[in-house]
Amino acid sequence: AVRPLKRRPPKKNNELPHPNKLPGIFDDVHGSDGRRVCRRHELYVSFQDLDWLDWVIAPQGYSAYYCEGECSFPLDSCMNATNHAILQSLVHLMKPDTVPKACCAPTKLSATSVLYYDSSNNVILRKHRNMVVKACGCH
Amino acid sequence: GSGGAGPRPPPGCPQRRLGARERREMQREVLAVLGLPGRPRPRAPPAAARLPASAPLFMLDLYHATAGDDDEDGGPPPRGLGRADLVMSFVNVVERDRALAPQEPRWKEFRFDLTQIPAGEVVAAAELRVYKLPSPRQGNRTLHVSTFAVFAQHANRESDLFFLDLQTLRAGDEGWLVMDVTAASDRWLLDGTKDLGLRLYVETEDGHSVDPGLAGLLGRRAPRSKQPFMVTFFRASPSPVRAPR
């Protein structure tokens with residue numbers, strides 16, 4: 001499910017927007033060359049839909065962000081944003097002056113916690129850090 | 001998604017029903033992110049002995065207290081759980097009371113099944129939590145509650161006990177008694193103890209033994225939200241490397 005997020009004012013000037021200042025998710029803004037800027041989505045899977053309510057106490061579902069769309073930096077390929085970001089990161093390392101850093105690379109990994117019953121009806125709280133992408137270079 | 005209780009996404013959000021294969025894949029994916037080897041199958045408790053609620057209530061409070069730390073950016077370990085990243089609460093499976101001869105000390109023993117502790121985990125702290133009611137019979141005298149781990153039991157003589165904690169309280173006090181049993185964890189991790197016994201003795205100031213039940217310490221026959229349980233905090237181990245997708 002996609003939750004409505006706070007919208008940031010689109011940039012005024014006509015140059016290509018700075019890689020890390022791209023508009024928010026619902027601004028269907030196109031880059032100066034007309035291509036659709038990559039957009040952030042939220043994937044939410046309800047544990048009820050996975051039939052897990054008999055063992056998971058909290059949370060009620062799993063939520064993560066991902067980028068979709070063509071990254072605004074022209075490598076002229078049509079792979080999805082994450083793969084594009086990985087490839088562009090490599091190219092940027094080789095030619096830092098000519099190819100900018102990819103905007104969709106994750107910049108923040110967040111922890112995730114789950115509270116559940118194990119097979120002996122003990123209650124377990126498990127926490128893993130750096131497991132869920134919650135922010136990337138363009139959002 | 002299907003109907004039924006639980007939060008519904010705001011109107012206008014695209015939803016899709018998961019097919020059987022998609023559901024299996026999504027389950028595998030989410031289990032991997034949650035760091036779980038597989039989907040636990042809790043045993044359905046017999047109707048008469050419904051599960052105690054004390055441990056889940058405590059753990060749910062702990063979950064909410066530390067949920068805010070989930071958005072930290074991989075910095076130092078969060079405050080709520082300290083150095084722990086795995087917390088296990090164990091339901092008390094067997095309870096024994098002993099008061100043979102009048103002159104012998106009376107005690108109450110709780111046993112815990114530790115088989116679900118993952119190998120290689122290091123204990124940061126462990127607590128035994130027992131609820132105490134006011135005990136009018138004792139007036140408001142001072143009571144000393146000692147906690148021991150039962151290391152070995154013998155048919156013809158007293159068990160081998162290992163002292164863990166001493167708490168002093170008033171007979172009229174009420175609330176959760178929290179005993180530090182961390183010292184017992186060295187033993188159960190070293191020799192792989194799977195059945196841990198924790199024994200409580202209660203004495204007055206002048207050394208007279210008091211039946212723990214009469215002192216107000218509740219056991220398995222207490223209301224579900226006041227039954228004893230044990231909580232163990234395991235030291236943070238390096239997060240598993242998240243396989244790229």
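So you know, we letter chains A, B, ... as the sequences are listed, proteins then strands, and number each from 1.
Within the 4.5 Å cutoff, no side-chain heavy atoms of B:Phe229 are placed close to those of A:Asn122. Looking at A:Leu50 and B:Met26, their side chains come closer than 4.5 Å, going by heavy atoms from C-beta outward. Looking only at side-chain heavy atoms (C-beta outward), A:Ile124 and B:Val87 stay at 4.5 Å or farther from each other. The shortest side-chain heavy-atom distance between A:Ser120 and B:Phe90 does not fall under the 4.5 Å cut-off.
Remark: A:Arg126 CZ to B:Tyr63 OH distance equals 14.5 Å, nearest 0.5 Å. We find the OG1-NZ distance between B:Thr66 and A:Lys127 to be 5.0 Å, quoted to the nearest 0.5 Å. Of the inter-residue distances, the one linking B:Ser89 atom OG with A:Leu115 atom CG reads 8.0 Å to the nearest 0.5 angstrom. One distance of note links CZ of B:Phe234 with CG of A:Leu125; it measures 12.0 Å at 0.5 Å rounding. Here B:Arg39 contributes atom CZ and A:Tyr116 contributes atom OH; the two are 12.5 Å apart, rounded to the nearest 0.5 Å.
Residues B:Met59 and A:Val123 approach most closely at CE-O, 3.5 Å, considering heavy atoms.
Residue contact with chain B, scored on non-hydrogen atoms closer than 4.5 Å, involves the side chain of A:Ile57 exclusively. For B:Leu31, the parts lying near chain A are the backbone and the side chain together; criterion is any non-hydrogen pair under 4.5 Å. No part of B:Thr232 comes within reach of chain A, as not one of its non-hydrogen atoms sits under 4.5 angstrom from that chain.
Looking only at heavy-atom pairs under 4.5 Å with chain A, the residue among B:Val231, B:Leu60, B:Thr115 that has the most is B:Leu60.
Partners of B:Arg23 under the side chain to side chain donor-acceptor pair (under 3.5 Å) rule, at least two apart in sequence or in another chain, are A:Asp51. For B:Gln27, the side chain to side chain donor-acceptor pair (under 3.5 Å) criterion is met by no residue, not counting sequence neighbours.
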